[in-house]
Asks: 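Could you have a look at this structure, given as structure tokens, before my questions?
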Amino acid sequence: MSETEYFNVADIFGENVFNDAVMQERLPKKTYKKLREVIEEGKELDLETADVVAHEMKEWAIEKGATHYTHWFQPLTGVTAEKHDSFITAPMPNGKVLMSFSGKELIKGEPDASSFPSGGLRATFEARGYTAWDCTSPAFVRQDAAGATLCIPTAFCSYTGEALDQKTPLLRSMEAINTQSLRLLKLFGNTTSKRVTPSVGPEQEYFIVDREKYLKRKDLIFTGRTLFGAMPPKGQEMDDHYFGIIRERIAAYMRDVNKELWKLGVSAKTQHNEVAPAQHELAPIYSEANVAVDHNQLVMETLKKVAGRHGLQCLLHEKPFAGVNGSGKHNNWSITTDDGINLLEPGKTPHENVQFLLVLTCILKAVDKHADLLRESAADVGNDHRLGANEAPPAIVSIYLGEQLQDVLSQLISTGEATHSLSGSKLETGVKTLPDFMKDATDRNRTSPFAFTGNKFEFRMVGSQDSIAQPNVVLNTIVAEAFSEACDELEKADDFDMAVHDLIKKYATEHQRIVFNGNGYSDEWVEEAERRGLPNIKSMVDAIPALNTEKAVSLFERFGVFTRAELDSRVEIEYETYAKEINIEAKAMIDIAGKQIIPAVIKYTTELATSAAAVKSVCDADISVQTELLAEVSDLLSETKVALAKLEEVTEKGGTMEEGRDQAVYYRDVVKTAMDALRAPVDKLEMLVDKDIWPMPSYGDLIFEV
């Protein structure tokens with residue numbers, strides 16, 4: 001590596017972000033003050049202020065090389081969307097052009113709302129939709145092969161005001177938890193905190209494969225996962241990839257990913273090899289939920305974009321390879337005040353921290369009451385391959401508290417008060433040259449879907465390619481409801497100390513069934529959870545109905561996060577998405593099996609038959625190996641052809657069904673079953689057919705040769 005390739009992170013961090021430091025430097029004091037009031041206090045932005053901000057934002061972006069701007073938004077497609085407009089205005093009489101950007105252009109955009117998923121909220125002929133500037137998430141300049149573009153984070157809604165995106169309900173949920181958290185803090189005498197914000201740190205898992213090999217796998221291209229593939233002799237059994245030395249090619253890629261993210265103000269901090277070969281993880285420092293959601297989209301986009309420059313391909317699918325670990329996204333969530341108080345910080349003696357105990361038991365109540373909603377928030381087609389397997393949290397939602405908090409909770413339930421907390425002890429290594437140190441009072445539990453980890457909760461169900469917006473919308477709203485109900489009771493209490501004591505005990509007792517500290521992967525837990533009455537929702541199709549139950553509608557409408565119509569539309573979109581994705585997978589299997597695999601196997605059987613006949617004609621040698629292999633391959637080929645015909649039949653029928661739950665259930669129960677039946681003989685054939693004839697790179701090629 002040459003000296004010119006080194007850089008100082010502090011010098012480049014946030015250099016492409018129109019952040020607070022840039023605004024202070026470039027905006028007039030009056031404008032800056034007004035904009036901060038809008039951001040911090042939710043005041044309305046006037047057009048005069050917007051014009052000044054827009055002008056300075058444009059000038060700053062042009063200095064970065066920007067020629068265009070875009071309203072960058074997150075429709076319900078699972079990816080981001082953007083439409084680019086240049087800064088030029090109509091040519092002047094002298095043939096020159098002016099570069100301008102108005103406050104109106106900054107505040108509002110107008111993409112075609114009918115061309116994005118709306119779940120019936122918009123008809124095809126009702127095209128108008130709006131993007132609205134979210135000034136709480138800073139604008140940034142994205143530099144790539146196309147040049148430089150000013151990206152303005154925006155919300156996206158229909159002409160009639162319904163949310164058509166991920167950001168709008170997230171911002172609404174953040175307002176809800178802010179309001180209810182401030183009510184709760186006020187009860188404990190806190191009059192200095194002015195704002196409470198959920199903080200999020202999403203850990204992103206991903207696979208990296210060689211792009212040349214990727215391009216030879218039509219299943220990866222069309223669906224993001226391998227639809228066929230036999231396991232190589234070695235997988236992840238040796239655990240030697242986890243935290244292993246990062247290969248140079250991958251390290252060079254990660255370096256460029258980090259550099260781009262740091263320039264965009266994304267605080268990428270931790271990177272390491274994950275469990276499966278070719279699998280890796282990137283984790284940022286926590287940020288406000290709204291910014292964290294935007295940043296995670298940037299992380300995924302950057303991972304994919306930079307991979308191409310290195311001749312690599314980034315796979316974000318939850319299960320790109322059967323038989324090895326899939327990828328998730330751990331959503332670390334906490335709530336903090338503007339003056340630095342973490343409401344989930346237990347302190348050294350959590351049994352004495354009454355405010356923390358109330359917050360904790362409110363969260364127990366929220367998760368227990370809305371376990372189905374939380375499970376649904378992590379539901380996507382790819383995640384069905386992970387949840388419930390021994391590599392990811394089970395499909396059963398439970399909370400891990402650890403020994404310390406479990407002990408405090410047990411005291412509250414059994415005696416009505418907690419008198420002590422377990423403390424960490426000294427960890428003695430037995431080696432004189434190694435320092436002894438204090439270990440935490442609680443271990444971690446990697447099998448829990450919702451685990452308390454020191455001063456935050458880690459929601460481990462989210463899929464690797466999914467937006468983290470929906471899980472945080474649900475978390476924010478269900479906790480806001482629990483806080484609200486607690487405040488309703490405590491605000492009218494004559495004796496606050498006694499009332500809060502009784503309420504903590506009540507919540508701990510009534511919702512103790514949601515707490516489980518054991519092995520979430522065990523069969524015993526599945527049986528125990530059923531006895532406790534906890535839902536075990538195994539598929540996306542079964543999770544979707546939780547979105548618009550009367551309980552869910554009442555919750556979301558009460559806090560202004562979703563209307564019934566918005567919830568109904570999301571249900572429709574998710575059923576449609578499920579059916580479409582399985583349909584694409586089925587059609588990809590049909591295409592690959594019919595055009596690549598069967599012809600390759602026929603070629604191999606022809607060579608086998610020719611070889612056997614040639615040997616037999618020359619001498620009276622034993623050709624039993626050839627004939628037995630030919631018979632075995634021919635039988636599997638026949639089985640493949642029958643399974644292919646069945647998959648073609650059921651896929652065609654699925655495509656004629658009316659969109660909705662029945663179609664989604666059909667694709668899950670019938671089409672996916674037919675897909676599995678086709679894969680089985682093909683994977684056996686891969687182990688028999690000459691590698692030079694097999695039409696695509698193997699698992700071994702993909703996950704070990706990068």
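Residue indices begin at 1 and follow the sequence shown.
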Asks: Charged N to carboxylate O under 4.0 angstrom, Glu44 versus Lys34?
Replies: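 The answer is no: the pair does not qualify as a salt bridge.
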Asks: Salt bridge or not between Glu576 and Lys580? Use side-chain N to carboxylate O under 4.0 Å.
Replies: yes
Asks: Where is the tightest heavy-atom contact between Leu150 and Ala139, given as atom of each residue plus distance?
Replies: CD1-CB, 4.1 Å
Asks: How about Thr154 and His71: does a side-chain donor come under 3.5 Å of a side-chain acceptor?
Replies: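 Per modelled atom types, Thr154 and His71 side chains form no pair under 3.5 Å.
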Asks: Who passes ring pair (Phe, Tyr, Trp, His ring centres under 6.0 Å) against Phe156, sequence neighbours left out?
Replies: Phe73, Phe116
Asks: Asn383: what forms a side-chain contact (heavy atoms from CB on, under 4.5 Å) with it, not counting sequence neighbours?
Replies: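 Testing Asn383 for side-chain contact (heavy atoms from CB on, under 4.5 Å), a comparison that skips the adjacent residues, returns Glu318, Ala378, Asp380, Arg386, Leu387.
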Asks: To the nearest 0.5 Å, what is the distance between OG1 on Thr49 and NZ on Lys43?
Replies: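 Here the rounded value is 11.5 Å.
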Asks: Got a sec, which pairs hit side chain to side chain donor-acceptor pair (under 3.5 Å) with one end in residues 57-67, sequence neighbours left out?
Replies: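 Every side chain to side chain donor-acceptor pair (under 3.5 Å) pair that includes a residue of residues 57-67, provided the two are not neighbours, is Arg26-Glu63.
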Asks: Cut-off 3.5 Å, side chains only: do Gln74 and Asp294 have a donor facing an acceptor?
Replies: yes
Asks: Kindly give the heavy-atom pair with the smallest separation between Leu316 and Leu303, and that separation in Å.
Replies: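 Answer, listing the atom of Leu316 first, then Leu303: CD2-CD1, 4.4 Å.
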Asks: Determine the minimum heavy-atom distance between Ser327 and Ser464, stating which atoms define it.
Replies: O-OG, 3.2 Å
Asks: Look at the rings of Tyr206 and Tyr253 and say which category their plane angle falls in: under 30° parallel, 30 to 60° tilted, over 60° perpendicular.
Replies: perpendicular
Asks: For His310 and Asp256, does a side-chain donor sit closer than 3.5 Å to a side-chain acceptor?
Replies: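 Note: His310 and Asp256 side chains meet the donor-acceptor criterion.
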Asks: Which heavy atom of Cys135 sits nearest a heavy atom of Val38, and at what distance?
Replies: SG-CG1, 3.5 Å
Asks: Between the side chains of Lys104 and Asp51, is the shortest nitrogen-to-carboxylate-oxygen separation below 4.0 Å, so that they form an ion pair?
Replies: no
Asks: Find the distance between NZ (Lys186) and OG1 (Thr191) and round it off to the nearest 0.5 Å.
Replies: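 Reported to 0.5 Å precision, the distance equals 9.5 Å.
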Asks: Quick check for you: to the nearest 0.5 Å, what is the distance between His55 atom NE2 and Leu27 atom CG?
Replies: 10.5 Å
Asks: Checking Glu274 against His280: is there a side-chain donor and acceptor pair closer than 3.5 Å?
Replies: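 Checked: His280/Glu274 side chains show no N/O donor-acceptor pair below 3.5 Å.
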Asks: Run the side-chain contact (heavy atoms from CB on, under 4.5 Å) test against Lys194 and tell me which residues pass, sequence neighbours left out.
Replies: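 Only Asp338 meet the side-chain contact (heavy atoms from CB on, under 4.5 Å) criterion with Lys194.
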Asks: If only atom types and distance count, is the side chain of Glu566 paired as donor or acceptor with the main-chain N or O of Thr563 below 3.5 Å?
Replies: yes
Asks: Taking only residues two or more places apart in sequence, or in another chain, which ones meet Gln204 in a side chain to side chain donor-acceptor pair (under 3.5 Å)?
Replies: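 Partners of Gln204 by the side chain to side chain donor-acceptor pair (under 3.5 Å) criterion, ordered by chain and then number, come out as Asn296, Lys329.
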Asks: Search all heavy atoms of Cys314 against all heavy atoms of Lys304 and return the closest pair with its distance.
Replies: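 Shortest heavy-atom separation between Cys314 and Lys304 comes out as CB-CA, 4.0 Å.
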Asks: The criterion is ring pair (Phe, Tyr, Trp, His ring centres under 6.0 Å); which residues satisfy it with Trp333, sequence neighbours excluded?
Replies: none
Asks: Going by the salt bridge (Lys or Arg N to Asp or Glu O under 4.0 Å) test, which pairs reach into residues 73-84, not counting sequence neighbours?
Replies: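 Sorted pair list: Glu82-Arg142.
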Asks: With sequence neighbours excluded, what pairs up with Tyr286 under the ring pair (Phe, Tyr, Trp, His ring centres under 6.0 Å) test?
Replies: none
Asks: Report yes if some heavy atom in the side chain of Thr197 is under 4.5 Å from a heavy atom in the side chain of Glu288; otherwise report no.
Replies: yes
Asks: In terms of side-chain geometry, is the basic nitrogen of Arg36 or Asp20 positioned less than 4.0 Å from the acidic oxygen of its partner?
Replies: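 Judged by the 4.0 Å cut-off on N to carboxylate O distance, Arg36 and Asp20 do form a salt bridge.
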Asks: Applying salt bridge (charged side-chain N to carboxylate O under 4.0 Å, His left out), run through Asp210 and Arg249 and close with a yes or a no.
Replies: CA-CA 10 Å; Asp210 182 85; Arg249 189 180 181 190; 3.0 Å; yes
Asks: Can you name the residues that form a side-chain contact (heavy atoms from CB on, under 4.5 Å) with Arg309, not counting sequence neighbours?
Replies: Glu260, Lys305, Val306
Asks: Quick one: OG1 on Thr577 to CD on Glu581, what's the gap to the nearest 0.5 Å?
Replies: 6.5 Å
Asks: Does a donor on one side chain and an acceptor on the other come within less than 3.5 Å for Asn332 and Ser334?
Replies: no
Asks: Are Thr270 and Glu281 side-chain neighbours, meaning at least one heavy-atom pair lies under 4.5 Å?
Replies: no
Asks: For residues Thr337 and Leu343, determine if any side-chain heavy atom of one lies less than 4.5 Å from a side-chain heavy atom of the other.
Replies: yes
Asks: Restricting to side chain to side chain donor-acceptor pair (under 3.5 Å), what partner residues turn up for Glu557, sequence neighbours left out?
Replies: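 Side chain to side chain donor-acceptor pair (under 3.5 Å) list for Glu557, sorted by chain: empty.
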Asks: Sequence neighbours left out, what passes ring pair (Phe, Tyr, Trp, His ring centres under 6.0 Å) with Phe457? Give chain and number order.
Replies: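 Ring pair (Phe, Tyr, Trp, His ring centres under 6.0 Å) list for Phe457, sorted by chain: Phe450, Phe452.
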Asks: Looking only at side-chain N and O atoms, does Ser137 offer a donor or acceptor that is under 3.5 Å from a partner on Asp134?
Replies: no
Asks: Do Lys263 and Asn16 have side-chain N/O donor and acceptor atoms under 3.5 Å apart?
Replies: no
Asks: Please round to the nearest 0.5 Å and tell me the distance separating atom CG of Asn342 and atom OG of Ser199.
Replies: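 If we round to the nearest 0.5 Å, Asn342:CG and Ser199:OG are 7.5 Å apart.
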Asks: Could I get the full list of side-chain contact (heavy atoms from CB on, under 4.5 Å) partners for Arg247, not counting sequence neighbours?
Replies: His241, Ile250, Val706
Asks: Say you draw a straight line from CD of Glu105 to OH of Tyr69; how long is it, rounded to the nearest 0.5 Å?
Replies: 3.5 Å
Asks: Without swapping roles, check the side chain of Ser158 against the backbone of Glu162 for a donor-acceptor pair under 3.5 Å.
Replies: yes
Asks: For a quick test of reading the model, state the closest non-hydrogen atom pair linking Asn290 to Leu170 and the distance between them.
Replies: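 Closest approach of Asn290 to Leu170: CA-CD2, 3.7 Å.
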